[in-house]
Protein chains: 4
Amino acid sequence: MSLQSSAKDQLRTIVSRIERLEEEKAALATDLREVYAEAKGNGFDVKALRTVIRLRKLDETKRREEEAILETYLHALGMDKVEPEGESEAA
Amino acid sequence: MSLQSSAKDQLRTIVSRIERLEEEKAALATDLREVYAEAKGNGFDVKALRTVIRLRKLDETKRREEEAILETYLHALGMDKVEPEGESEAA
Amino acid sequence: MSLQSSAKDQLRTIVSRIERLEEEKAALATDLREVYAEAKGNGFDVKALRTVIRLRKLDETKRREEEAILETYLHALGMDKVEPEGESEAA
Amino acid sequence: MSLQSSAKDQLRTIVSRIERLEEEKAALATDLREVYAEAKGNGFDVKALRTVIRLRKLDETKRREEEAILETYLHALGMDKVEPEGESEAA
DNA sequence: CTGCCATTTTACCGGC
DNA sequence: GCCGGTAAAATGGCAG
């Protein structure tokens, strides 16, 4: 056998965890599909709906990209790693 | 405005539900990535692991069909029946 | 043999065409790498550069998404399929 | 402004060159997609075709290593040596 | 049944 | 030289 018995156990555990998580994800995908189907039943255009969702996600992506490049520039200028100046929690 | 206010409320609700579900899905995707990362840290080959997961959910019949087609193509190209220990040079 | 000899020839042709195109693509990837390397040599921050490129692509993506949703709405209102009235692109 | 005007010009040049190369790459990607689509239209199994291409560029040694690891995992999970003609259902 | 879109997987590139 | 992250390719699922 090429795997120690402990490794085999580990492998089985890993596989189980993965399959469990994938099941949950699949369940959410089903929920999503149902929401779209229901929306369609109420007269909404599903394609437009999807486009709206995509646009909203795109806005967020762009916002993050802009922050990323700002940080890169600050870094290039040696101005990054500035401490947030005050914590929200009691340090 | 082209949407009745009740339709607008419905739309908002739908968008919220969808984005909520997508967030949860994203969280699961993160968990999954962590499991793979942890497995890798414990010395497992992530790519092989993914293949195992894939094979486990692949119906046996489909699996054989896929293999059969692949073999046909490899054969047509003279790439099948690779000698188990042969050398590539000076054939 | 499971493939007609004409099919075998077709297969070989297809494989050749694909491999040729992939070679060309790989060559372009090399060129790209060189451009980045040269830029780095001239003092540019490669990471920032990549982010700039990404942002510019994102802008275009968003523009397209916006057009897509506009079209969807026009379609929903029965106003689509309007002939382009000459050429639309360029500038 | 934080960049000398010469640097700005350089930057513009670099960005142009990169975007030009990426355009060409995208064009090749389109060509590739068309070849696969055409092959599909002629009755070839695209997935298998892709596998063939992949195997052709995979070094033989690496190929064997990958297979060996996969088999080890399948064995550990009791999934190896699938009987060549067994039925899963009681016909 | 086909085509399109989203997701997932793979490979590359840069940084440590 | 290895690891992590980012972008590209590929597969699978959904809608029309």
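Computed from a predicted structure; not experimentally measured. Chain A is the first sequence line, chain B the second, and so forth, proteins listed ahead of strands; every chain is numbered from 1.
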Query raised in the report: Reckon C:Lys47 touches a base, only the sugar-phosphate, or nothing at all at heavy-atom distances under 4.0 Å?
Result: nothing
Query raised in the report: Which whole-number value in Å describes the distance from A:Leu32 CG to E:dC5 P?
Result: 17 Å
Report summary line: Rounded to whole Å, the CG-P distance (C:Leu28 to F:dA8) equals 13 Å
Requested in this report: Give the rounded distance in Å between these two atoms: CG of B:Leu58 and C1' of F:dG12.
Outcome: 12 Å
**Report entry** 5' priority, DNA chain E, between C:Ala29 and B:Tyr36 [closest heavy atom]
**Finding:** B:Tyr36
Requested in this report: Under 4.0 Å between any heavy atoms, over every strand shown, what does B:Lys57 touch: base, sugar-phosphate, or nothing? Just pick one.
Outcome: nothing
Query - Whole angstrom value for the distance that separates C1' of E:dT7 from CZ of A:Arg33 - result: 13 Å
Query raised in the report: Within a reach of under 6.0 Å around CZ of A:Arg56, are more than 12 heavy atoms found that belong to other residues, nucleotides or ligands?
Result: no
Query raised in the report: F:dA10 C1' sits how many Å from C:Ile18 CD1, rounded?
Result: 13 Å
Query raised in the report: Counting only heavy atoms not in C:Arg12, do more than 12 fall under 6.0 Å of its CZ?
Result: yes
Query raised in the report: Phosphate oxygens OP1/OP2 of E:dC5: is one of them under 4.0 Å from a side-chain N or O of A:Arg50?
Result: no
Query raised in the report: In whole Å, what is the span from the CG atom of C:Leu21 to the P atom of F:dA8?
Result: 18 Å
Query raised in the report: Is D:Lys40 touching bases, backbone alone, or none of the nucleic acid, heavy atoms closer than 4.0 Å?
Result: nothing
Query raised in the report: In whole angstroms, how far is the C1' atom of F:dA10 from the CD1 atom of D:Ile53?
Result: 14 Å
Requested in this report: Measure from CZ on A:Arg54 to P on E:dC5 and round the result to the nearest Å.
Outcome: 7 Å
Query raised in the report: Pick from C:Leu32, C:Leu28, C:Asp31: which one makes a side chain to side chain contact (heavy atoms under 4.5 Å, CB included) with D:Glu24?
Result: C:Leu28
Query raised in the report: Of C:Ala37 and B:Glu22, whose closest DNA chain E nucleotide lies nearer the 5' terminus?
Result: B:Glu22
Query raised in the report: Which of these, A:Lys57, A:Arg63, A:Arg64, sits in a side-chain hydrogen bond (donor to acceptor under 3.5 Å, both in side chains) with A:Glu60?
Result: A:Arg64
Query raised in the report: Looking only at atom types and distance, does a side-chain atom of D:Tyr73 sit under 3.5 Å from a main-chain N or O of B:Asp45, one as donor and one as acceptor?
Result: yes
